[in-house]
Amino acid sequence: MSENQYFEGFSKLSRDEKLKMLAGTVKDPDAFINELNGYRYQDPSLQEKFDQFSENTISNFHLPYGIAPNFLIDGKLYHIPMVTEESSVIAAASKAAKFWYNHGGFQTEETGTAKRGHVHFLWYGESEELESLYSRFEPELKDRLSDVTKNMDARGGGITESWLSNMTSEMDNYYVLGLSLETVDSMGANFINSVLEKTAGELKKFADEHQPGKLEILMAILSNYTPRSYVKMKVECPVEELEGFNGSIKGIQFAEKFSKAVQIAKSNVSRAVTNNKGIMNGVDAVVIATGNDFRAVEAGAHAYSISHGKPSALTDCKIENGLFTFRITLPLAMGTVGGVTRLHPLASRSLEILGNPDAKELMKITAAVGLASNFSATTSLITTGIQKGHMKLHLENILMAFNVDEEMKNKIRAYFKDKEVSYEKVKKFIEGKL
Ligand code: MEV
């Protein structure tokens, strides 16, 4: 049992009261309150905005906001905002962007923007009866939903498909009414869920009018599995040009080793998951910087990677006729309006830096960063290993914790150039014990 006391009515307290209550659980309450207050904005209207994004807010949590410059995507140059706490991620993406800038850039092959949602319900009757009921309900569906869809319809989106699925092989009496929707420049979660909840209500009403008591709604919710909202993108160059990216091995050797590494990530589950984590290092950083929902993007990407039965790489590599092609197929549900994309001041700035893209363009930008991240990570793995680069940045982070002058920092950097870095070892070095 924890030593903490139950917080009765916590949500009803003012922020100051919440902070004070919480401070009662830590060693130094005054320092705690000062520090947490220190991370709040001086401008009350700005702080109010942040407080309203979520609940029970007591402070702000800051993350580094960086730029990966020079991404050439479909012939257009972007400097891409990324939010990540992990060292090397932005450096790795930037390095790949620089290389591909001189080799044709990132090229989109296909995109899709269709999202899906479902009304899950039980039908206590024959499936033929339900099919007949549904065949009469479906033609009325769009009219019945028009009050929730009219704005989206006017923007060029809305419901594009609907269907009934018999799921009784999974559970007795279980059926699904599915919808496919276009949400234009919004990620669309609120719109889709409103449409689905209204659909559930209308379906129940219709069923009760014609076959009373036979239909029970279980739930209505969008799916974060978005295989039809995706970007397929590639980079491509003659194999001998790959030598320019990592001078340590010849282009052809590099291409062959790289392609084997990708093959492993395709077939070996342990490697696949780590490979995809590396892709998401870049993807999430753009998703967060633009105020999009990284949990949705993560859930969709990992589920897609399992669509052939087990986790597999989201990237692919081909060497054909002396040409090296590296490709990503990434499901993505992102928006440039709605959510906090325009409310969060820095998300809005990110979109401005990107030239205020529409949702599809933002999806391409994000996929390019995912492909770049994976290209750099795989390159490091098949050449120097990742620790060399990581350790350099890790050392810089450690140095920040010590109050030492630049001369000492340089001595430390020189000493650890070819050695393993740790906080304890740096401390010993400073104390003259190494
Ligand atoms: C570390 O955050 C990501 C990598 O492990 C990705 C990979 O192994 O491909 C380097």
Side-chain angles (χ1 to χ4, degrees), residues 63-68 71 80-100 106 233-235 242 245-246 248-249 253-289 294-295 297-306 310-318 324-332 366-398 420-422:
L63 285 172
Y65 181 71
I67 297 289
F71 265 82
I80 305 182
M82 295 174 72
V83 170
T84 178
E85 88 300 345
E86 185 171 332
S87 58
S88 300
V89 167
I90 297 182
S94 307
K95 191 173 173 210
K98 187 175 175 185
F99 175 80
W100 288 109
F106 296 78
M233 167 167 280
K234 68 172 180 184
V235 284
L242 288 166
F245 188 61
N246 183 296
S248 67
I249 52 176
Q253 282 171 307
F254 176 96
E256 274 166 11
K257 225 174 154 185
F258 191 100
S259 128
K260 289 214 162 56
V262 176
Q263 231 175 297
I264 291 169
K266 280 272 169 223
S267 61
N268 178 302
V269 171
S270 299
R271 177 61 204 141
V273 173
T274 316
N275 178 80
N276 294 341
K277 188 273 181 187
I279 293 172
M280 301 316 282
N281 273 347
V283 169
D284 279 346
V286 184
V287 173
I288 296 171
F294 58 93
R295 288 84 57 208
V297 170
E298 280 278 334
H302 292 297
Y304 184 76
S305 85
I306 306 173
K310 62 175 192 172
S312 178
L314 294 165
T315 40
D316 231 320
C317 178
K318 199 172 74 181
F324 170 89
T325 308
F326 186 45
R327 181 175 276 124
I328 188 165
T329 308
L330 187 68
L332 276 173
T366 308
V369 178
L371 187 60
S373 301
N374 192 224
F375 182 70
S376 276
T378 307
T379 301
S380 295
L381 292 173
I382 60 163
T383 55
T384 53
I386 58 159
Q387 283 312 89
K388 201 172 166 207
H390 263 296
M391 280 304 149
K392 219 166 130 192
L393 287 159
H394 184 49
L395 177 61
E396 293 305 315
N397 287 340
I398 290 173
E420 208 175 301
V421 178
S422 74

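Each ligand, and each atom within it, is numbered from 1 in the order the structure gives.
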*salt bridge (Lys or Arg N to Asp or Glu O under 4.0 Å) with Lys277: which residues, sequence neighbours excluded?*
Glu86

*Is any side-chain heavy atom of Asn281 closer than 4.5 Å to a side-chain heavy atom of Thr84?*
no

Per-pair distances, 0.1 Å, donor-acceptor, side chain in residues 256-270, under 3.5 Å, sequence neighbours excluded:
unit_1	atom_1	unit_2	atom_2	d
Lys257	NZ	Ile382	O	2.9
Lys266	NZ	Ala313	O	2.7
Lys266	NZ	Thr315	O	3.1
Ser267	OG	Gln263	O	3.2
Asn268	OD1	Ser270	N	3.0
Asn268	OD1	Arg271	N	3.0

_Out of the candidates Phe375, Phe71, Phe326, Phe99, only one should pair with Phe106 under the ring-ring contact (aromatic ring centres under 6.0 Å, His included) rule; please name it._
Phe71

*Between Asn275 and Asn374, is any pair of side-chain heavy atoms under 4.5 Å apart?*
yes

_With a 4.0 Å heavy-atom cut-off, what residues sit around ligand 1?_
Glu86, Arg271, Thr274, Asn275, Lys277, Gly278, Asn281, Ala377, Leu381, Ile386

*Who passes side chain to side chain contact (heavy atoms under 4.5 Å, CB included) against Glu396, sequence neighbours left out?*
Leu399, Arg413

